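Atoms within a ligand are numbered from 1 in the order they appear, just like the ligands themselves. Predicted model, so just to flag it, every value in this text is computed and none were measured.
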Amino acid sequence: MITDFVDLEPPDVREIRVDRVTLAYRSPMVTAHGTISQRDVVVLTLVDGEGRFGRGEAAPMTAFTPETADEAERALRRWADDGAEPTGSPTARAAIDGALLDLAAQAAERPLHDLLAPGSPSVVPVSALVVGATPDEAAAAAASAVALGHRTVKVKVAAGPFEADLARLNAVRDAIGDARLRIDANGGWAIDAAPRHLERLADLEIEFVEEPVSGLDALAVVRAASPIPLAVDESIATPEDLDRAISLASADVVVLKPSAMGGPLATAAAARTASEAGLTVVVTSLLEGSIGIGAAAHLASALGALDPAPGLATAGLLHTDNAPSLLPRHGVLHLD
Ligand SMILES: [Mg+2]
């Protein structure tokens, strides 16, 4: 079930600032389109008549969003100049709605999640991404995530041979006891091999597997015989993609990234559509700064989308951030 939001008064915006910010990662990040060590995002700041300011983040990422940081910045400057809607830039839309909501929450002197959905929790459990090239390394990283308080760990697979993934996942399962284990293949398995792989993983009690194969049609074929629930993530960039995933029965779970989907309100609409179609919703980050992670965390709480745990434990990957770092403590984010 996805919670409905209360209607908000639009804030009284008196000043708008658009700033380019470079985020640097502690170690190089491997994405679907190569490796990055830093990345430009755009921060939108809205100031009201009382001098309060709300901030939103536009965080484009190749393969997840259609626009570049330059295009997002131009869209935000046009919006600032004449109110032009940022068509073609979902990350600019995310920055605008994020900043408006942040400002509204500050004006109301309430946390955003509570403003959107009164009584929603201020504590958001988050999954931990576990990396490790060998079974021992992966098991040690998973054990330490669980010791820190995470109840869900996520492991990336399909970058190498399946046998190596299987060995790592067996070691992780042994290391984490009854904590949950989810995996993400980023579309990396061939459609004829994926069913065999999923069959061999069936005993590991995997919560879900993200994108075992590439594309909504292929996912639908694989899901029909999968012993493990499937999740769509990068195959869904727009509401139309989501509708298609629902009509094809491509997935059991939908991973929604507010930074890529057009922000908190667009993501809430997608979450409601998915939930009404019987899909489980998981809110995750786009490896953006803590402005964007914060907006996503408040959204996840307000939606009631906290189980499965959101994938929002990514601020620790950043060496330079655009806000006080929103890091988990004991496996949860604290929002108040
Ligand atoms: Mg994913």
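- Checking Ser120 against Asp114 by side-chain atom types alone, no donor-acceptor pair falls below 3.5 Å.
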Practice prompt. Run the numbers on Gln38 and Thr22 for side chain to side chain donor-acceptor pair (under 3.5 Å), then give the verdict.
Written response: CA-CA 7 Å; Gln38 60 178 51; Thr22 301; 5.0 Å; no
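- The Mg ion (ligand 1) lies closest to atom OD2 when only the N/O/S atoms of Asp233 are considered.
- For Phe53, the CZ atom is loosely surrounded, since the number of other residues' heavy atoms within 6.0 Å does not exceed 12.
- Residue-level check: among N/O/S atoms of Glu210, OE1 sits closest to the Mg ion (ligand 1).
- When the Mg ion (ligand 1) is compared with the N/O/S atoms of Asp184, atom OD2 turns out nearest.
- In this structure the side chain of His150 reaches within 4.5 angstrom of the side chain of Val126, judged on heavy atoms.
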